[in-house]
**Student:** 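Please read through the structure below; I'll follow up with questions.
Remember, it's 1-based here, ligands and their atoms both numbered in the order they're listed. Position 1 is the first residue of the sequence, and the numbers go up from there.
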Amino acid sequence: MVLPDDVARFVRATGPGHTAVQERMAAFAREHDFPNIGPESGAVLRLLARLTDADTVFEFGSGFGYSASWFLRGSADRVILTEFDADELDQGREFMADAGLAERCVFEEGDAMETVGRYDGPFDVVLIDHQKERYADAFDAVRDNLAPGGVVAADNVMRGPIDFDALLTHVEVQAGSGEAAGDTGNAPATANDQTRGIADYLDAVGGDDAFETAVLPVGSGLAVSTKVD
Ligand SMILES: C[S@@+](CC[C@H](N)C(=O)[O-])C[C@H]1O[C@@H](n2cnc3c(N)ncnc32)[C@H](O)[C@@H]1O
């Protein structure tokens, strides 16, 4: 949790509960120590699908469909799930069939970065939740294929396989604010590849005039960027 425990408990308690199939997905994730997006961020995905009246959602890194199930709860007409682990995708097919949602899913096995090249969009919502080093490339791959008012959400921008303190220094240097104000240089140069990947991603969306970005400290931290022109 990025939020203080009591705040996170508040958000969870006031948010939507799991459906029966999502509860099974969550149990499966716990059993296999699989990092899905969690219910607090899931509620945000549901909201994004609902607010954009989403026809098409594209996901980079779908696992067995937990995040997709939230978009579908938000009435997305279609979710394109990408996953290079065939077993995870098969498990996703099973869960979606059990939930009666399979006909609104397109299951794409393979590298999401290649799969996305086969789609022209328009995408109403895109979830980036695969390899952190490739987030900025994923954004490049979809930015022109987003519908006007479309949204890109990127998970793990505050937590996961990243060095939060190095990232905090980086974003404060970029913003010229906070304790790091006045520092120079690329703070995460010494951090791991995943941290640099998230830093590059935040620089890319933050520096793109066609997008407005807000980071929500739910789950592992979601950066939500709306296309405004
Ligand atoms: C953090 S999990 C995402 C789970 C999913 N979004 C959810 O919350 O339920 C990341 C998943 O992305 C997959 N993945 C990573 N890089 C990928 C790539 N380049 N193409 C397809 N899948 C990828 C991994 O196998 C893993 O299942």
**Student:** Give the contacting part of Phe34 toward ligand 1: side chain, backbone, both or neither, where contact means a heavy-atom distance below 4.0 Å.
**Tutor:** side chain

**Student:** Please say whether Asp129 places an N or O atom under 3.5 Å from an N or O atom belonging to ligand 1.
**Tutor:** yes

**Student:** Is it the case that the side chains of Thr19 and Arg73 hold a donor-acceptor pair, with the cut-off being a distance below 3.5 Å and no angle test?
**Tutor:** no

**Student:** Using a strict 4.0 Å cut-off to heavy atoms of Gly110, name the atoms of ligand 1 that fall inside it.
**Tutor:** 20 (N), 21 (C)

**Student:** Among all protein heavy atoms in this structure, tell me which lies nearest to atom 12 (O) of ligand 1, with the distance rounded to 0.1 Å.
**Tutor:** Gly61 CA, 3.3 Å

**Student:** Hey, does Glu59 sit under 4.0 Å from ligand 1 if you only count heavy atoms?
**Tutor:** no

**Student:** Are a donor atom and an acceptor atom from the side chains of His170 and Asp203 found within less than 3.5 Å of each other?
**Tutor:** yes

**Student:** Do the ring centers of Phe95 and Tyr66 come within less than 6.0 Å of each other?
**Tutor:** no

**Student:** May I ask you to check whether Ile37 has an N/O atom sitting below 3.5 Å from an N/O atom of ligand 1?
**Tutor:** yes

**Student:** Give the atoms of ligand 1, by number and element, whose distance to some non-hydrogen atom of Ala112 is under 4.0 Å.
**Tutor:** 18 (C), 19 (N), 20 (N), 21 (C)

**Student:** Name the closest protein heavy atom to atom 26 (C) of ligand 1, giving the residue it belongs to and the distance to 0.1 Å.
**Tutor:** Glu83 OE1, 3.5 Å

**Student:** Should Phe34 and Phe107 be regarded as members of a common hydrophobic cluster, given that ILVMFWY residues are connected when their side-chain heavy atoms come within less than 4.5 Å of each other, either directly or indirectly?
**Tutor:** yes

**Student:** Counting each atom of ligand 1 from 1 as listed, which ones have a heavy atom of Pro35 under 4.0 Å away?
**Tutor:** 1 (C), 2 (S)

**Student:** Are Asp137 and Arg134 close enough for a salt bridge, meaning some N to O gap below 4.0 Å?
**Tutor:** no

**Student:** Contact between Phe60 and ligand 1, counting heavy atoms under 4.0 Å?
**Tutor:** no

**Student:** Looking at Asp111, which atoms of ligand 1 are within less than 4.0 Å of one of its heavy atoms?
**Tutor:** 18 (C), 19 (N), 20 (N)

**Student:** With only distance considered, is His130 within less than 3.5 Å of ligand 1 through an N or O on each side?
**Tutor:** no

**Student:** Could you tell me which atoms of ligand 1, counted from 1 in the order shown, lie closer than 4.0 angstrom to a heavy atom of Gly63?
**Tutor:** 27 (O)

**Student:** What part of Ala68 sits under 4.0 Å from ligand 1 if we count only heavy atoms: the side chain, the backbone, both or neither?
**Tutor:** neither

**Student:** Is it the case that Glu59 and Thr82 place a side-chain donor and acceptor less than 3.5 Å from each other?
**Tutor:** no

**Student:** Which is closest to atom 14 (N) of ligand 1 by heavy-atom distance: Phe64, Phe84, Tyr66, Trp70?
**Tutor:** Phe84

**Student:** Any atoms of ligand 1 less than 4.0 Å from a non-hydrogen atom of Gln131? List them with their elements.
**Tutor:** 16 (N), 17 (C), 18 (C), 19 (N)

**Student:** For Tyr201 and Tyr135, take the angle between the two ring planes, folded into 0 to 90°, and tell me which bin it lands in: parallel under 30, tilted 30 to 60, perpendicular over 60.
**Tutor:** perpendicular

**Student:** Is it the side chain, the backbone, both or neither of Glu88 that has a heavy atom closer than 4.0 Å to ligand 1?
**Tutor:** side chain

**Student:** Kindly say whether the aromatic ring centers of Phe64 and Phe28 come within a distance under 6.0 Å.
**Tutor:** yes

**Student:** Return yes or no for this condition: an N or O of Lys132 is under 3.5 Å from an N or O of ligand 1.
**Tutor:** no

**Student:** Taking 4.0 angstrom as the limit and counting only heavy atoms of Arg134, give me the atoms of ligand 1 inside it, by number and element.
**Tutor:** 19 (N)

**Student:** So does Asp6 have more than 12 non-hydrogen atoms from other groups sitting under 6.0 Å from CG?
**Tutor:** yes

**Student:** Can you report which non-hydrogen protein atom sits closest to atom 5 (C) of ligand 1, along with the distance?
**Tutor:** Ser67 OG, 3.3 Å

**Student:** Examine the side chains of Glu108 and Tyr119 and answer whether a donor and an acceptor come within less than 3.5 Å of each other.
**Tutor:** yes

**Student:** Can a donor-acceptor pair be found between the side chains of Thr226 and Glu212 at a distance below 3.5 Å?
**Tutor:** no

**Student:** Mark yes when over 12 heavy atoms from residues, nucleotides or ligands other than Glu23 sit less than 6.0 Å from its CD; otherwise mark no.
**Tutor:** yes

